[in-house]
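Pasting a structure here, questions to come.
Keep in mind the model is a prediction, meaning the values are calculated, not measured. Proteins come first, then strands; the chains are lettered A, B, ... in the order of their sequence lines, and each starts at number 1.
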Amino acid sequence: MKIATWNVNSIKVRLGAVCEWIEKERPDALLLQEIKTTTDAFPRFEIESLGYRCAVLGQRAYNGVAILSPHPIEDVMEGLPGEPADDHARYLEASIGGVRVASIYLPNGNPADSEKYPYKLRWMARLRERVETLLADDVTFVLGGDYNVIPEPRDAYDPAAWVDDALFKLDTRRAWRSIVNLGLTDAFRALEPTATHAYTFWDYQAGAWQRDLGIRIDHLLLSPDAADRLIGCQIDKGPRGAPKASDHTPIWCELSDKVPAGRFA
DNA sequence: ATGGTTGTTGGACAA
């Protein structure tokens with residue numbers, strides 16, 4: 001089972017690129033962020049023409065997440081519990097082929113001295129609570145998305161330049177670790193323990209892509225039993241080099257079919 | 001230090 005995540009920075013501008021990528025990679029689940037449109041305006045027809053179904057949580061102009069799959073998308077949950085007044089479209093969860101998946105667009109949090117940063121930290125605390133619930137219920141899950149978190153210095157081209165940024169501040173990394181330390185696996189780091197210059201985002205400005213000045217902020221976090229099935233994880237830099245690209249590129253992981261209890265593949 | 005870019009939207013705001 002192949003599960004991918006991609007911050008597309010507008011599904012309307014990126015529809016062609018997304019359709020191409022789906023046809024080439026045929027993911028069992030594609031988690032999208034920053035679709036930047038309402039649920040009604042999502043280009044459902046074009047996606048369904050590829051044999052994919054869509055679960056969408058949209059919003060006008062900003063944010064917006066979706067889950068696409070060629071399989072039935074069941075038990076969809078819209079929004080992250082814990083702050084009823086929060087109307088940002090940033091979290092969508094559903095079950096596909098016996099795996100619970102979430103498409104996550106975690107708040108950026110900049111400027112870090114504004115009210116946006118505490119909102120980010122509260123959101124991460126809510127995510128932690130959601131993870132605790134899923135673990136307590138023994139759910140097999142893959143939580144993918146744009147976490148807007150640089151987990152470690154080696155995940156940035158120039159970590160010193162990021163120390164005061166909401167994506168890398170100490171409290172952000174603490175909150176990230178407090179989630180991962182519940183027992184989750186960062187799919188990319190698990191399979192690429194020594195990789196450097198492995199990025200998923202390159203700013204549009206100052207030739208960041210051409211100079212490979214990137215950061216790794218798009219992640220796939222796996223439950224323990226999903227991690228036991230992890231057999232592949234790759235950042236696909238292809239789409240970032242295309243004309244009219246998103247500033248993010250897709251990352252995917254592959255889970256083996258369920259292994260019988262007591263056996264190892 | 002500043003400015004550099006893209007998207008939504010129709011002047012900023014978000015990233």
| Upstream residue (5' side of DNA chain B) when A/Ala61 and A/Asp146 are each assigned their closest nucleotide | A/Ala61
| task | Kindly say if A/Lys116 contacts the phosphate of B/dA14, meaning a side-chain N or O under 4.0 Å from OP1 or OP2. | result | yes
| field | Sole candidate of A/Val149, A/Ile150, A/Asn148 that passes side chain to side chain contact (heavy atoms under 4.5 Å, CB included) when paired with A/Ile215 | value | A/Ile150
| field | A/Asp247 CG - B/dG7 P separation (whole Å) | value |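 Rounded to the whole Å, the gap is 9 Å.
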| task | Report which part of the nucleic acid A/Arg240 touches: base, sugar-phosphate, or nothing (heavy-atom distance under 4.0 Å, all strands). | result |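 No contact.
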| said: Can you tell me if A/His197 has over 12 outside heavy atoms packed within less than 6.0 Å of its NE2? | reply: no
| query | ring pair (Phe, Tyr, Trp, His ring centres under 6.0 Å) with A/His219: which of A/Phe188, A/Trp252, A/Trp176? | reply |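 Considering A/Phe188, A/Trp252, A/Trp176, a ring pair (Phe, Tyr, Trp, His ring centres under 6.0 Å) with A/His219 is found only for A/Trp176.
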| said: Please confirm whether the shortest side-chain N or O distance from A/Lys244 to OP1 or OP2 of B/dG7 is below 4.0 Å. | reply: yes
| request: Using whole Å, report how far CD of A/Gln210 lies from P of B/dT5. | output: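 Taking atom P of B/dT5 as the reference, CD of A/Gln210 is at 11 Å.
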| Within the pair A/Arg14 and B/dT6, is there a side-chain N or O less than 4.0 Å away from OP1 or OP2? | no
| message | Applying a 4.0 Å non-hydrogen cut-off, can you work out what A/Phe201 is touching in the nucleic acid: base, sugar-phosphate, or nothing? | response | nothing
| field | Atom-pair distance (CH2 on A/Trp209; P on B/dT6), nearest Å | value |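 Computing the A/Trp209:CH2 to B/dT6:P distance gives 15 Å.
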| message | Taking 4.0 Å as the cut-off, does a side-chain nitrogen or oxygen of A/Ser10 come that near to OP1 or OP2 on B/dT8? | response | yes
| note | Taken to the nearest whole Å, OH/A/Tyr105 to P/B/dG7 is 14 Å
| said: Quick check: on DNA chain B, is the nucleotide nearest A/Tyr62 upstream (toward 5') of the one nearest A/Lys12, or the reverse? Name the residue that is more 5'. | reply: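 Upstream on the strand: A/Lys12.
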| request: Output the single nucleotide from B/dT6, B/dT8, B/dA15 whose closest atom is nearest the side chain of A/Val13. | output: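 From the listed options, B/dT8 comes nearest.
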| Near A/Glu20 CD, under 6.0 Å, is it more than 12 heavy atoms from other residues, nucleotides or ligands? | no
| query | Looking at residues at least two apart in the chain, or sitting in another chain, which of them share a salt bridge (charged side-chain N to carboxylate O under 4.0 Å, His left out) with A/Glu129? | reply | none
| said: Looking at A/Arg60, I'd like to know whether one of its side-chain N or O atoms comes within less than 4.0 Å of OP1 or OP2 on B/dG10. | reply: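 Checking A/Arg60 against B/dG10: at least one side-chain N or O falls below 4.0 Å of OP1 or OP2.
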